[in-house]
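Take a look at the structure below.
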Amino acid sequence: MEVNTVEEEINGRKVLISIVRDISKRKEIEMEYLSTKKEMAAKVSYLATHDILTELPNKAVLTKKLKDKLKRSENNPFAVFFIDIDRFKFINDTYGHSIGDILLIRVAERIKRLLCKEDLLCRYGGDEFVILVNGRENSAEFYKIASRIVNRCSRRFKIRGNELYISVSIGIAIYPDMGKNVDRLLKHASMAMYSAKKKGGNKYQVYVSKEDTQYFKRYSLFGYLNKALQKNEFLLYYQPQLELVTGEIKGVEALIRWFSPLGLINPGDFIPLAEDTGLIIPVGKWVTNTACKQNKKWQELGWIDLRMSINVSAKQFYQPCFVSTLESTLDDTNLDPESLSIEITESIAMEDFESASRIIRELKNLGISIAIDDFGTGYSSLNYLVNLDLDFLKIDRSLIKNLHTQGKKKNVVKGIINVAHNLGIKVIAEGVERQEELDFLKDHQCDLVQGFLIGYPLPVRQGVNCFKY
Ligand code: C2E
Ligand code: MG
Ligand code: MG
């Protein structure tokens with residue numbers, strides 16, 4: 001109600017006249033108008049700050065948030081990821097734009113699931129996304145996130161009955177080392193993304209300045225490798241070994257990965273350098289320690305008889321304190337020596353046969369088991385099989401690949417299994433990728449198998465072990 005009171009003089013007397021009006025209808029109309037206006041304003045502001053297709057914040061929001069962040073950052077590192085879908089035009093041309101649109105939405109969803117609440121994912125334009133990744137414990141964490149995004153996006157997308165396989169390239173610029181303002185950070189991240197694309201895509205690449213490129217050329221990977229341990233850039237992946245008689249996972253092999261500023265690097269590309277420079281000693285210690293700790297954790301979770309296999313290189317193996325260091329690692333991690341297996345290659349065993357047999361004896365006395373890795377690629381000497389006290393022989397994957405179709409390979413593998421069994425050595429087949437290979441190995445009493453068919457090498461996710469058992 002609205003009340004208006006006026007004073008009037010009527011017949012020489014002062015009177016007060018109040019006019020009472022019902023204004024509820026008017027108020028209703030006013031409110032409606034205001035809320036429509038508010039809604040409109042909200043809509044306009046949403047449209048100005050979001051991408052309609054993916055509903056992600058847009059470039060304008062990114063720039064503003066980045067500016068705010070730079071004001072508050074006080075040199076605390078954070079990262080800018082520039083992501084681009086490889087050959088997206090091909091998807092649009094082949095499947096049509098509406099499938100391309102859905103793909104963009106799905107890619108955005110997958111990426112978002114890998115980020116923290118505080119990180120900001122934006123659609124930058126077309127098939128480009130930019131992420132503002134908040135500070136993590138160290139820069140290796142940024143690389144791990146990037147690697148997870150690359151992996152996750154390479155998995156199959158199912159859209160309206162089509163199976164799509166794509167890949168993404170990511171460029172990373174880390175504040176403050178790789179840019180101190182919005183333009184620099186975005187430019188450097190996109191330059192790194194193009195460099196990842198040039199190398200074939202499906203990878204991440206950290207921005208490397210011109211000076212760094214020259215440095216990189218001069219010193220190769222060494223400059224980075226030198227700092228990798230300290231920067232926590234290594235991670236162990238674990239690949240299961242299946243026992244054929246019981247159908248149980250009885251072992252895992254620890255395989256090192258390096259999340260370097262230049263992308264994910266496999267051991268084949270940096271172990272030789274680590275060996276040449278002597279860095280293999282601290283790296284090897286880290287591997288042993290991490291793998292033993294992990295095995296202890298798995299055993300405590302109920303996987304009692306799990307055996308952990310570790311690869312060692314010649315430099316490590318022939319170090320005077322190799323056995324004693326292993327012994328103290330076992331003590332420190334409280335791991336039973338029977339739960340540890342050391343993998344050496346044929347060439348290591350042959351390098352200095354006498355020392356090798358002594359070291360193997362010492363390891364066996366402790367209770368550690370020994371495996372010969374990659375058997376069949378080197379000397380394949382029967383002499384050392386007879387004279388060394390071995391527990392396992394790992395048949396190289398080159399002999400396993402398509403063995404069911406090749407009579408000669410079948411005979412060689414049958415022969416190796418027979419010889420090994422006659423000497424009391426168990427056989428592990430490496431690189432088993434097909435059911436037919438596994439069937440053949442089972443029919444011929446191979447003891448254990450390892451390969452993509454059983455499980456890929458995988459990292460341990462926090463608190464969850466990576467194999468279903
Ligand atoms: P390896 O010990 O013979 O390890 C098996 C290799 O075969 C691994 O490669 C593994 O990812 C790959 N692999 C496993 N299953 C399959 C399959 O079904 N198909 C195919 N195509 N490949 C398969 P990765 O991880 O790249 O390791 C390569 C080599 O690097 C290893 O060969 C090992 O000699 C060495 N290495 C790995 N980790 C370490 C480490 O911590 N220390 C040392 N010194 N060497 C290591
Ligand atoms: Mg191995
Ligand atoms: Mg091998």
Side-chain angles (χ1 to χ4, degrees), residues 147 151 225 228-229 233-242 249 251-260 263-295 307-319 322 325-326 329 340-349 351 369-378 380 390-403 416 427-438 441 448-459 466-467:
S147 171
N151 283 339
L225 190 57
L229 252 188
E233 290 176 351
F234 293 118
L235 194 68
L236 286 187
Y237 278 33
Y238 299 95
Q239 188 177 32
Q241 296 172 340
L242 179 84
I249 303 292
V252 284
E253 178 174 7
L255 295 159
I256 194 169
R257 298 289 178 269
W258 177 21
F259 288 85
S260 86
L264 173 61
I265 305 187
N266 282 322
D269 296 322
F270 72 86
I271 291 284
L273 180 67
E275 283 169 346
D276 287 350
T277 55
L279 279 170
I280 193 68
I281 302 300
V283 171
K285 266 189 203 155
W286 176 85
V287 169
T288 316
N289 204 332
T290 312
C292 288
K293 252 196 234 160
Q294 184 57 50
N295 202 21
R307 191 188 52 253
M308 175 65 70
S309 296
I310 296 172
N311 294 282
V312 296
S313 61
K315 259 218 172 125
Q316 268 174 287
F317 185 75
Y318 288 112
Q319 257 231 320
F322 174 62
T325 312
L326 268 185
T329 307
L340 183 64
S341 181
I342 298 297
E343 295 193 5
I344 55 169
T345 56
E346 299 177 56
S347 56
I348 295 180
E351 194 174 310
S369 54
I370 313 293
I372 290 287
D373 206 353
D374 306 341
F375 188 80
T377 54
S380 307
L390 304 170
D391 301 274
F392 299 99
L393 194 68
K394 298 188 76 176
I395 305 181
D396 190 71
R397 67 167 184 267
S398 56
L399 283 174
I400 303 297
K401 197 176 169 74
N402 291 327
L403 96 158
I416 295 176
V427 178
I428 305 175
E430 287 192 294
V432 178
E433 293 183 0
R434 309 176 63 128
Q435 188 60 44
E436 295 92 327
E437 296 161 358
L438 185 117
L441 292 161
L448 295 127
V449 284
Q450 184 182 342
F452 296 165
L453 182 70
I454 294 95
Y456 288 94
L458 286 173
C466 52
F467 313 117

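Every number for a ligand or one of its atoms is a count from 1 in the order of the listing.
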Next item on the list: List the steps, then state whether side chain to side chain contact (heavy atoms under 4.5 Å, CB included) holds for V287 with F234.
Entry: CA-CA 9 Å; V287 169; F234 293 118; over 6 Å; no

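- Residue contacts with ligand 1, taken as heavy atom pairs separated by less than 4.0 Å, do not involve Q450 at all.
- The two atoms that bring L235 and P459 nearest to each other are CD2-CB, 3.9 Å, heavy atoms only.
- Which parts of ligand 1 touch E253 is read off a 4.0 Å heavy-atom cut-off, strictly below it: atoms 1 (P), 2 (O), 4 (O).
- Atom 19 (N) of ligand 1 has as its closest protein heavy atom E433 OE2, 2.4 Å.
- Looking only at protein heavy atoms, the nearest one to atom 32 (O) of ligand 1 is D373 OD2, 4.6 Å.
- Protein heavy atom at the shortest distance from atom 11 (O) of ligand 1 is P457 CG, 3.4 Å.
- Closest to atom 27 (O) of ligand 1 among all protein heavy atoms lies P267 CG, 3.3 Å.
- For atom 6 (C) of ligand 1, the closest non-hydrogen atom of the protein is R397 NH1, 3.7 Å.
- Atom CD1 of I454 is separated from atom CD of E433 by 10.0 Å, given to the nearest 0.5 angstrom.
- The heavy-atom pair separating P240 from V252 by the smallest distance is CA-CG1, 4.0 Å.
- Of all the heavy atoms of V432, the ones lying under 4.0 Å from any atom of ligand 1 belong exclusively to the backbone.
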Throw together a table of side-chain donor-acceptor distances under 3.5 angstrom for residues 392-400, partners on residues two or more places apart or in other chains.
residue: K394; atom: NZ; partner: E253; partner atom: OE1; Å: 2.8
residue: K394; atom: NZ; partner: E343; partner atom: OE1; Å: 3.2
residue: K394; atom: NZ; partner: E343; partner atom: OE2; Å: 2.7
residue: K394; atom: NZ; partner: Q450; partner atom: OE1; Å: 3.0
residue: D396; atom: OD2; partner: S398; partner atom: N; Å: 3.0
residue: D396; atom: OD2; partner: S398; partner atom: OG; Å: 2.7

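- Closest to atom 43 (C) of ligand 1 among all protein heavy atoms lies N311 O, 3.6 Å.
- Around the Mg ion (ligand 2), the protein N, O or S atoms found under 2.8 Å comprise E253 OE2, N311 OD1, E343 OE1, D373 OD2.
- Put simply, no part of K401 is less than 4.0 Å from ligand 1, judged by heavy atoms.
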Next item on the list: Start with the C-alpha distance between V432 and L242, add both sets of side-chain angles, then the distance that settles side chain to side chain contact (heavy atoms under 4.5 Å, CB included), and finish with yes or no.
Entry: CA-CA 11 Å; V432 178; L242 179 84; over 6 Å; no

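- Scanning the protein for heavy atoms near atom 39 (C) of ligand 1, the closest one is I256 CG2, 3.7 Å.
- Of the listed options A314, A254, S313, S313 places a heavy atom closest to atom 44 (N) of ligand 1.
- From I256, atom CD1 reaches atom CH2 of W286 across 5.0 Å, with rounding to the nearest 0.5 Å.
- Scanning the protein for heavy atoms near atom 10 (C) of ligand 1, the closest one is L255 CD1, 3.8 Å.
- Residue E430 touches ligand 1 through its side chain alone, judged by heavy-atom distances below 4.0 Å.
- Within the 4.5 Å cutoff, side-chain heavy atoms of R257 are placed close to those of P457.
- The residue from F452, Y237, F270 that puts a heavy atom closest to atom 16 (C) of ligand 1 is F452.
- Counting heavy atoms under 4.0 Å from ligand 1, residue D396 does not touch it at all.
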Note to self: For a side chain to side chain contact (heavy atoms under 4.5 Å, CB included) check, start with the C-alpha distance between T288 and K285, then their side-chain angles and the critical distance, and finish with the verdict.
What the structure shows: CA-CA 5 Å; T288 316; K285 266 189 203 155; 5.6 Å; no

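- The minimum heavy-atom distance between S260 and E233, with the atom names listed, is CA-OE1, 4.0 Å.
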